[in-house]
There are 2 protein chains.
Amino acid sequence: MMAHTYDYPRPALTVDCVVFGLDEEDLKVLLIRRAIPPFTGKWALPGGFVHLDETLEQAAKRELAEETGLGDVFIEQLYTFGALERDPRERVVSVVYYALVNLRDHQIRAATDARDVAWRSIPALPELGFDHREILAVALARLKGKVRYQPIGFELLPRKFTLSQLQKLYEKILEKPLDKRNFRRKVQENGLLLDCRETEQGVAHRAARLYRFDRKKYAQLCRKGFLFEI
Amino acid sequence: MMAHTYDYPRPALTVDCVVFGLDEEDLKVLLIRRAIPPFTGKWALPGGFVHLDETLEQAAKRELAEETGLGDVFIEQLYTFGALERDPRERVVSVVYYALVNLRDHQIRAATDARDVAWRSIPALPELGFDHREILAVALARLKGKVRYQPIGFELLPRKFTLSQLQKLYEKILEKPLDKRNFRRKVQENGLLLDCRETEQGVAHRAARLYRFDRKKYAQLCRKGFLFEI
DNA sequence: TCAAAAGTGTTAAAAATACACCCATGG
DNA sequence: CCATGGGTGTATTTTTAACACTTTTGA
């Protein structure tokens, strides 16, 4: 193995990913069961070391793909964690990203090294290794804050969705009920929801209209100083 | 010199600081003129390498003290920059902090190695080394966004300040004029401004009342779910 | 025909905005 | 006595919040 030598000691640099998903029940987070020490058997966020030839975001996406099979997801930097004892082996600084995916379209696969990978309900989390519980709390707070004034919630839904799905999403993230009529007026008034002229299929009640988020129009409006808000 | 060897190569890890200050004229940022390559003679943000025995925030504060003499300031993590070529010497990842200080109370001193240290007006910046211009843009955007819903603006003022000073601060950061009567009503309605029962001295017109921000009361209110807003 | 969720407007309360004059002080 | 900024209230508009019934569909 090649050795790498520096004049001064360096912290190890890793990336970790908090991947949020949503299904009919709950907001979920993607966890990996550790197969090696430290924290063997405990659940933890997917992540790993940053290579010299990749940016931080590339590293986060690569680790996510390697460990969970996920690709082509919304991802954004969250925060960098650098407490002295956060990894018992040595000093490790971790740049943490959070990602949003919709569970329908993104199937996770077992990681190459056969570690467990699973979506876990946020309200009922297992014990986590490292400082990952704290990291998750920061990510949740960010999601809660950001979903109000940036259209990132759509990343958690299929491309075509009903207004009820959208409302439930906001209710789960914000952890409070919303008024149906006020919500529908609010999300439709900015003109960013495109009526697909289709209805959902196979439901045992009146079928709801499907909408999709108009990304192009949003990009245009942004250039004119438009601020998304819900 | 001691050598430090690792199995895999590691990026260098630094911290940089975007220090904002405010005076009668402008919003300013603290810059250092580089005495050594790369970018010799160019201005740059203060910063340096992270030691193994200090957290990221400690590193940022230490560098700030060493290079500018500033201590006891409001400081918060901004973002971590990890583009491949941001430092021409080698791969460097930088965790950037932003700080807010008031220019009256915090005198800067020349750095130990006699590099220039100076407050520079944001509207009239010199050319900056590295990707520091980009970093500054991110910091400004953060300041602009955050000042609306967190009471961080007070960090830029002396402990006792007039309402006009406060209004000018917001006008400079948000880059838009505010209505005097509406502003005064707004900032006073949450009860977080304490009347010092003093007036400013030595002005050639009616002396304004001095106020201070009630940190303790703010902390109390926060625990009850209060959200600051201006 | 029933159960289950979709869809739809109005009214009242609260918040944001626009706006102009008198006051106190030092030079 | 005047120039300079300090200080104050009200009316209008906009935004938010509260609230209940009819419609459609498949089982």
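Note on naming: letters A, B, ... go to the chains in the order of the sequence lines (proteins, then strands), and numbering restarts at 1 for each one.
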Pull out every protein N or O sitting under 3.5 Å from an N or O of nucleotides 22-25 of chain C, one pair per line with the distance.
from   : atom 1 : to     : atom 2 : distance (Å)
C:dC23 : O2     : B:R206 : NH1    : 3.3

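Evaluation of the salt bridge (Lys or Arg N to Asp or Glu O under 4.0 Å) test over residues 215-230 of chain A, restricted to residues two or more places apart or in two chains, returns A:E155-A:R215. Within the structure, salt bridge (Lys or Arg N to Asp or Glu O under 4.0 Å) contacts touching residues 133-146 of chain B (residues at least two apart or in different chains) are B:E76-B:K146, B:K144-B:E175. Applying the ring pair (Phe, Tyr, Trp, His ring centres under 6.0 Å) rule to pairs touching residues 15-34 of chain A yields nothing, sequence neighbours excluded.
A salt bridge is absent between B:R185 and B:E189: the closest approach of a Lys/Arg side-chain nitrogen to an acidic carboxylate oxygen does not fall below 4.0 angstrom.
More than 12 heavy atoms of other shown residues, nucleotides or ligands fall within 6.0 angstrom of atom CZ in A:R86.
The OG atom of B:S121 sits 6.5 Å away from atom CG of B:D23, with the distance rounded to the nearest 0.5 Å.
Using a 4.0 Å cut-off, some side-chain N or O of B:R184 falls inside it from OP1 or OP2 of D:dG7.
Looking at residues 188-198 of chain A, you'll see that no heavy atom sits under 4.0 Å from any atom of DNA chain D. Within residues 161-183 of chain A, the residues having any heavy atom closer than 4.0 Å to DNA chain C are, in order of number, A:S164, A:K180, A:R181.
The cationic group of B:R120 lies under 6.0 Å from the six-membered ring centre of B:W43 and within 45° of the ring axis, placing it in a cation-pi geometry.
For the pair A:E200 CD and D:dT25 C1', the computed distance is 11 Å after rounding to whole Å. Protein atom CD of B:E24 is 13 Å distant from nucleotide atom P of D:dG5, rounded to whole Å.
The ring of A:F213 has its center closer than 6.0 angstrom to the ring center of A:Y218.
Residues A:R184 and A:S164 approach most closely at NH1-OG, 3.9 Å, considering heavy atoms. What you find for A:V93 and A:G82 is that their closest heavy atoms are CG2-CA, 4.2 Å.
The residue A:R209 sits close only to the backbone: its heavy atoms come under 4.0 Å of sugar-phosphate atoms, none of a base.
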